[in-house]
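Below, chains carry the letters A, B, ... as their sequence lines are ordered, and counting in each starts from 1.
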Amino acid sequence: MKNFKRTTVTTALPYANGPIHIGHLAGVYVPADIYVRYLRLKDEDVLFIGGSDEHGVPITLTARKEGVTPQDIVDRYHNIIKESFETFGISFDIYSRTTSSTHRVLASEIFKTIHDKGGFIEKTSEQYYDEKAQQFLADRYITGKCPHCGNERAYGDQCESCGTSLSPDDLINPQSTISGSVPVKRETKHWYLPLDQHEAWLRQWILEEHKEWKPNVYGQCKSWLDMGLQPRAVSRDLDWGIPVPVKGAEGKVLYVWFDAPIGYISNTKELLPNDWEKWWKDEDTRLLHFIGKDNIVFHCIVFPAMLKAEGSYILPDNVPANEFLNLEGDKISTSRNWAVWLHEYLQEFPDKQDVLRYVLTANAPETKDNDFTWKDFQARNNNELVAIYGNFINRALVLTHKYFEGKVPEMGALTDYDKQTLDEFKNVKAEVENLLDHFKFREAQKEAMNLARIGNKYLADTEPWKLAKTDMNRVGTILNLSLQIAANLAIAFEPFLPFSSKKLRDLLNLESFDWNKLGRIDLLKIGLQLKKPELLFEKIEDDVIEMQIQKLLDTKKSNQLTTWKPEAIKENISFDEFMKMDIRVGTVLDCQKVPKADKLLQFRIDDGLKGRTILSGIAEYYPNPADLIGKQVLFIANFPPRKLRGIDSEGMILSAENPDGSLTVVQSGVPLSNGSKVV
RNA sequence: GGCGGGAUAGCUCAGGUGGUUAGAGCGUCGGAUUCAUAACCCGAAGGUCACGAGUUCAACUCUCGUUCCCGCUACCA
């Protein structure tokens, strides 16, 4: 690897539309913080950048829902997030926000530079426009009926009921959420970043020059590159964001994904107004992006393309992306409140930052998705932090106080067994370093914990409490060595468990905690007075854990209750409007999966006339499509034919939406004549 | 459907340019011990390394196919 002079570490900017949860922490912030603390301990030049991502449509929607301004929303969450990070010990050099003036200026400048270099292409397209509110509608501002599951409140980008991603054109009966009016199509101009033009060098840079990236990262990039890159819009018609800084762009802002990563740079600039460029433009700087797997393509392809298009910036050297953390077997979900929220944890478990840090690292989703359970949290705390680490520290201190009034005793001649023990932890430094350098935080922490295991074993094997009756010199040596191991633990755990390390250093009156001293046995001077033993960690009892589990069960219950509520009835229509619709009864003659389409079933329907073919996107709910053959179903008979996957679909099979979002074809209970009208 | 990642002890995970008895932590069981937050220490049980073929003297490790989980992507009237 190249010898870099300094390291810039960025962490995915949390979206200021909700608080931080353990998934964010495990995937991004805890590993990044460990890495940064480690580099700082080694006295390397490092800058740790964080901040809130505060633009984009979802924030405006939340604001609208609550009847406040977008600024109110981002202020609220920015403060919650910033404060919880601070309390949790994520040691950012700066945690700023994309609504800062520095960011506003820099993002504009970067856009302008790329623009002036001809790095964008301009395209005019038709988009929905709300005539009453006199503005273009972002995908999220349009609701309508989901063509897939029939949910009436699907958004223009996604149906939250069935999870399908949509485009506004897909929606049936689109409606503006701003004024409630029916939007019309209108022409609008936007700027695009032509990723396709960047494909060649990206391919070389990633696939040839960065084979060392994690398999999930490398594979995902390769997948995208092989599919071929498309131009991506970098502007939107919206009033919340950074104005597009060119003529003729009134009412347009930078698309949030364009401005957000620039936040890394502007936050650096805010911190170091005169000195920021060396962290972003010097080839001797190593740039690292810590992110979750949802952000891989963005940080490996899109953002680098932006930086390259601008021309003066360095590219990331590595993008250590983690997978996702589940909670008690289910996906973490902000909207379903299925999460352990950091700010709540900090309140409910005061002074237990390190416990969560430890558990999240021990269980980090480094190679695949992982599960967080409260039982595991309790077990890790009680069986590892308390029983192994805390217990060893306590033993060493208690013994020293008992036999030597709390002063570090002299180290006499070392026995073979002493030397053997020393051998075991001599190379801890090299091992932890090697693991951390390769972003293997889970194993690195385990290696640190191993020191405590060595200590416990040493005490058990040498039994100083027995020797105290006969050979106090020997006891002194044993305890000196034990205390040296304790001091080593304080250093080794410093990146992982900073709060406990500080507490331990206080107990040991240990001032220096230079990483380079790790592995030495002269960290504590003879005669040094130690503080009275104090527990490093305390046990977590069953009732505390049960309360947390109960809290989640309650969430689940209330989620179920809300989902089961039928939706509100749609606005009235006239009888005439209904009569325009031709709903018929038909018998399924044949039903099979459409090849090369996951969701489509192809029906052949006896409609009493010449028969018809209808496609329906319900394949995932009918693993055995043949089961439907012979059943009588209802279908819309007077939709114009539409080609799907090359097949003409002549109508729409009616299905009912279940509480879990799945679909069931509505069937006739009694035999009817094929072709009967439903009136 | 295409592409990518994953599948190894009850649980969480290591592992290897293919080569003697496949590792760790936790949990379980047994033993020892009392300095310690009934903690620590020692020992044991527990795995056809997802499934099926192939290459090979030899495969958990390579190849192909299949299944399941996660993600990206197409499809959803």
Remember a base hit wins even if backbone is also touched, and classify [X] as base, sugar-phosphate or nothing at under 4.0 Å, heavy atoms.
| X | answer |
| --- | --- |
| A:E443 | sugar-phosphate |
| A:K214 | nothing |
| A:F392 | nothing |
| A:V398 | sugar-phosphate |
| A:L600 | sugar-phosphate |
| A:L536 | base |
| A:E384 | sugar-phosphate |
| A:A379 | nothing |
| A:D226 | nothing |

Please determine whether a side-chain nitrogen or oxygen atom of [X] lies at a distance below 4.0 Å from atom OP1 or OP2 of [N].
| X | N | answer |
| --- | --- | --- |
| A:R453 | B:C26 | yes |
| A:N394 | B:C35 | no |
| A:T462 | B:C41 | no |
| A:K331 | B:G71 | yes |
| A:K440 | B:G15 | yes |
| A:K457 | B:C42 | yes |
| A:R395 | B:A39 | no |
| A:K539 | B:A39 | yes |

Consider the side chain of [X], meaning its heavy atoms from C-beta on, and name the nucleotide among [options] that approaches it most closely.
| X | options | value |
| --- | --- | --- |
| A:L644 | B:C26, B:C75, B:U12 | B:C75 |
| A:M652 | B:C40, B:U73, B:A77 | B:A77 |
| A:N456 | B:C41, B:A36, B:C76 | B:C41 |
| A:N363 | B:A14, B:G27, B:U12 | B:U12 |
| A:T367 | B:C26, B:C75, B:A14 | B:A14 |
| A:V386 | B:U37, B:C76, B:C40 | B:U37 |

Earlier contact from the 5' end, RNA chain B, for A:A452 and A:L535: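 It is A:L535 whose nearest nucleotide is closer to the 5' end.
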
First encountered from the 5' end of RNA chain B, between A:K466 and A:R380: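 Whichever sits nearer the 5' end wins; that is A:R380.
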
Under 3.5 Å side-chain donor-acceptor pair for A:D590 and A:Q592: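 Their side chains do contain a donor-acceptor pair, which is all the 3.5 Å distance test asks for.
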
Under 3.5 Å side-chain donor-acceptor pair for A:Y622 and A:D627: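 Looking only at side-chain atoms, A:D627 and A:Y622 do not form any donor-acceptor pair under 3.5 Å.
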
Within a strict 4.5 Å, meaning less than it, do heavy atoms of the [X] and [Y] side chains meet?
| X | Y | answer |
| --- | --- | --- |
| A:L325 | A:H21 | no |
| A:S482 | A:F392 | yes |
| A:V359 | A:N381 | no |

For [X] and [N], give me the distance from atom [atom1] to atom [atom2], rounded to whole Å.
| X | N | atom1 | atom2 | result |
| --- | --- | --- | --- | --- |
| A:K368 | B:G4 | NZ | C1' | 17 Å |
| A:E447 | B:A14 | CD | C1' | 12 Å |
| A:L229 | B:C3 | CG | C1' | 14 Å |
| A:D294 | B:G4 | CG | P | 21 Å |
| A:K293 | B:C3 | NZ | P | 19 Å |
| A:E541 | B:A38 | CD | P | 10 Å |
| A:L397 | B:U37 | CG | P | 12 Å |
| A:L483 | B:C35 | CG | C1' | 13 Å |

I'd like the [atom1] distance from [M] over to [N], given in whole Å.
| N | M | atom1 | value |
| --- | --- | --- | --- |
| B:C62 | B:U17 | P | 10 Å |
| B:C72 | B:U55 | C1' | 33 Å |
| B:U48 | B:C35 | C1' | 47 Å |
| B:A50 | B:U8 | P | 7 Å |
| B:U63 | B:G5 | P | 12 Å |
| B:G2 | B:G65 | P | 10 Å |
| B:G30 | B:A14 | C1' | 27 Å |
| B:C40 | B:G31 | C1' | 14 Å |

Return the nucleotide paired to [N]: Watson-Crick means purine N1 to pyrimidine N3 with N6-O4 or O6-N4, wobble means G-U with N1-O2 and O6-N3, both under 3.5 Å.
| N | value |
| --- | --- |
| B:A32 | none |
| B:C62 | B:G54 |
| B:C68 | B:G6 |
| B:G25 | B:C11 |
| B:A74 | none |

Distance in Å, A:F377 CZ paired with A:I549 CD1, rounded so as to fall on 0.5 Å steps: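 So the CZ of A:F377 and the CD1 of A:I549 are separated by 11.5 Å.
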
Criterion side-chain contact (heavy atoms from CB on, under 4.5 Å) against A:V633, the qualifying member of A:L654, A:V665, A:V666: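 With A:V633 as partner, side-chain contact (heavy atoms from CB on, under 4.5 Å) holds for just one option, A:V665.
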
Donor-acceptor under 3.5 Å (A:E323 side chain, A:E366 main chain):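 Answer holds: no.
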
A:Q529, CD atom: more than 12 neighbouring heavy atoms under 6.0 Å: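 For A:Q529, atom CD is crowded (more than 12 foreign heavy atoms under 6.0 Å).
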
Ring-ring centroid check A:Y358 A:F496, cutoff 6.0 Å: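 Between A:F496 and A:Y358, which both carry aromatic rings, the centre distance is not below 6.0 Å.
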
Under-3.5 Å donor-acceptor pair between A:K446 side chain and B:A14 base: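 No, no donor-acceptor pair under 3.5 Å.
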
